Amino acid sequence: MRFRTVYTQCQTGDAAKNARAAVRDIRDQLNGFSASSIVFFCATDYDPHVLAVEMQDAFPDAATLGCTTAGEGVDGKILNASVVAMAFSADVFDYCRTALVLGDGQKPEGRDQFTDVAEAMHYLARGTGMEPMQLDYRSFVGFMLGDAINPFTETVVGRVAEMTDAIFVGGFAGDDYKFSGEKYVIYGRKAYRSAMLLCLWKPKNGFSLLKTQAVDVTGTSMVITKADEKQSIIWELDHQPAAQMYAQAINTPQETMGILDFDENPPALTVDGEPFVQMILRQVDGAGLKMYTPAVQGTRLTLTRAGDVYAVTRETLSEKLREMGGVSAILHVNCASRHTSLKNQGTLRDFGELFSVAPSASFFSYGEIYVGIVTLTSTMILFK
């Protein structure tokens, strides 16, 4: 067996005790499985600092990594207040290397930690005998986790995309909708904030990627003509106040326009007709639009309309599985706003069951990565 997925739910009211109990349970469930890497996702019911130490101690011969979440999934089940894990045997990868990029003046503590993205990318590629740009996207895939979308992580994602043709997918940690800032990336014996975890994998049996977005592209587009890029605020669209222009485009009174309107009518970058959905958080001073994703002056945004998340995922996943002729495991990152949409539509359980076709592990995120930063999106690595 090359993959093993497990989950645990331990609730005592004490996050540290929960973390220790969760690791004991995971260790028992993985007894007899020789793991070379373990990717895990955890709710805020578990102390991430304790969990990091306990996981690495329980599996000293494996690379242990993950993040906090806004909900978890495993083998067709949608969960909360849980820890889910996918264990990989040594037979999964021909090549596997991980690097951590640190921000906020943090100092590297090991040879696989860096403050410079280029150094991290060269470290990842070094064992292949190739430069990062020489990595074939058909053979190599990247998995990336960050604690939050901010100028530091935006820079990391952008530099990675510039430096290699290998496609990196992944997402950003959650905190169970508390929005407290307590979101963590976990690697080895520590939980980190202001950090990006980069994994470079060459699966032995191959892989495929899938990005799903339940949106319909409209014929309306606007150019960001004034923006505060550091604060991710759009001030003008087509040289007009951004909030006013957007409200007119979606035919909604600006004074009542809010998060439901933003989720139902998200803007998107389009590349060769394919949408990469961006997310608006709120109005700013009655004129600007605060974005969850980068706001880059000169960018053309196309208006989209939200669709049926379950139906679109069922169709695109089924098509991908037919194309692949079967799948051995699925690693899946799904936007937390899609969780809300699925729950409101009464299809959350049905959505989860789509991933019962193979061992699967997932988490609900505060932003996703597919080459660049996107939102309202699902990204998957499907292992053959």
Side-chain angles (χ1 to χ4, degrees), residues 70-71 73 76 78 169-172 174 177 208-222 237 245-252 256-282 289 291-293 299-323 330 332-357 360 362-382:
I78 300 297
V169 303
F172 294 90
Y177 304 95
S208 190
L209 300 177
L210 181 61
K211 174 176 71 73
T212 67
Q213 297 172 309
V215 296
D216 297 316
V217 177
T218 73
T220 301
S221 67
M222 296 167 282
L237 291 167
M245 285 293 291
Y246 178 80
Q248 290 176 358
I250 66 171
N251 196 29
T252 297
T256 62
M257 185 171 67
I259 189 64
L260 293 179
D261 300 297
F262 303 147
D263 283 355
E264 287 296 315
N265 306 273
L269 305 173
T270 56
V271 179
D272 295 330
E274 181 179 359
F276 290 78
V277 176
Q278 313 295 288
M279 185 174 180
I280 303 170
L281 283 178
R282 61 180 181 274
L289 296 172
M291 304 297 292
Y292 200 71
T293 42
T299 300
R300 179 173 293 277
L301 296 177
T302 299
L303 194 65
T304 71
R305 305 290 188 196
D308 187 326
V309 173
Y310 167 69
V312 170
T313 306
R314 180 184 59 191
E315 180 180 351
T316 55
L317 181 60
S318 296
E319 182 179 343
K320 177 63 71 171
L321 293 175
R322 285 194 299 270
E323 173 190 309
I330 303 173
H332 179 201
V333 180
N334 196 29
C335 182
S337 291
R338 286 163 60 95
H339 182 285
T340 302
S341 177
L342 288 160
K343 189 174 181 179
N344 290 342
Q345 294 171 3
T347 53
L348 184 60
R349 177 176 291 184
D350 294 335
F351 175 86
E353 289 177 353
L354 293 175
F355 299 91
S356 62
V357 295
S360 63
S362 66
F363 79 98
F364 289 93
S365 55
Y366 288 177
E368 300 73 58
I369 299 165
Y370 191 96
V371 181
I373 297 173
V374 291
T375 53
L376 299 173
T377 300
S378 175
T379 65
M380 305 174 215
I381 303 175
L382 299 96

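Keep in mind that the numbers below use all heavy atoms, side chains included, and drop hydrogens, waters and symmetry copies. In this text, all values refer to a predicted model and were calculated from it rather than measured experimentally.
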N251 atom CG, neighbour heavy-atom count above 12 within 6.0 Å: no
Steps toward side chain to side chain contact (heavy atoms under 4.5 Å, CB included) verdict (H332, L354): CA-CA 12 Å; H332 179 201; L354 293 175; over 6 Å; no
Closest contact, heavy atoms only, S360 versus F355: OG-O, 3.0 Å
Residue from M291, M279, Q213 passing side-chain contact (heavy atoms from CB on, under 4.5 Å) with T375: M279
T270 and R300 side chains, donor-acceptor separation under 3.5 Å: no
L237 side, atom CG; L289 side, atom CG - distance, nearest 0.5 Å: 6.5 Å
Nearest heavy atoms of P275 and V215, plus distance in Å: CG-CG2, 4.1 Å
Flag, side chain of S318 to backbone of E315, donor-acceptor distance under 3.5 Å: no
Test: K343 cationic atom under 6.0 Å from F351 six-membered ring centre, within 45° of axis: no
Validation row: Q278, P266 side chains within 4.5 angstrom (heavy atoms): no
Full working for side chain to side chain contact (heavy atoms under 4.5 Å, CB included) between I381 and I330: CA-CA 6 Å; I381 303 175; I330 303 173; over 6 Å; no
Residues L269, T299; criterion side chain to side chain contact (heavy atoms under 4.5 Å, CB included); working and verdict: CA-CA 8 Å; L269 305 173; T299 300; 2.9 Å; yes
Any T220 side-chain heavy atom under 4.5 Å of T302 side chain: no
Minimum heavy-atom distance S365-F172, with the two atoms named: CB-O, 3.2 Å
Distance-only side-chain donor-acceptor flag, E319 / T316, under 3.5 Å: no
Test item: D216 and T304 side chains (from C-beta on) under 4.5 Å apart, heavy atoms: no
Option among T377, L210, T379 that satisfies the side-chain contact (heavy atoms from CB on, under 4.5 Å) test with Y370: T379
Check: F262 main-chain N/O paired with N265 side-chain donor or acceptor under 3.5 Å: no
Polar side chain donor-acceptor pair, S378 to K211, under 3.5 angstrom: no
Gap separating the CD atom of E368 from the OG1 atom of T212, nearest 0.5 angstrom: 9.5 Å
Nearest heavy atoms of Y246 and D261, plus distance in Å: OH-O, 3.5 Å
Sub-4.5 Å side-chain heavy-atom contact between F364 and V333: no
R349 backbone acceptor or donor facing Y310 side chain under 3.5 Å: no
Side-chain donor or acceptor of T218 paired with backbone N/O of L303 under 3.5 Å: yes
Spatial distance of atom CE (M222) from atom CD (Q248) [nearest 0.5 Å]: 9.5 Å
From I78 atom CD1 to N334 atom CG, the distance as rounded to the nearest 0.5 Å: 7.5 Å
CA sep, side-chain torsions, deciding dist, call: Y292, R282, side chain to side chain contact (heavy atoms under 4.5 Å, CB included): CA-CA 9 Å; Y292 200 71; R282 61 180 181 274; over 6 Å; no
CG-NZ distance between L382 and K320, expressed to the nearest 0.5 angstrom: 7.0 Å
Separation of I259 CD1 from E264 CD (nearest 0.5 Å): 11.0 Å
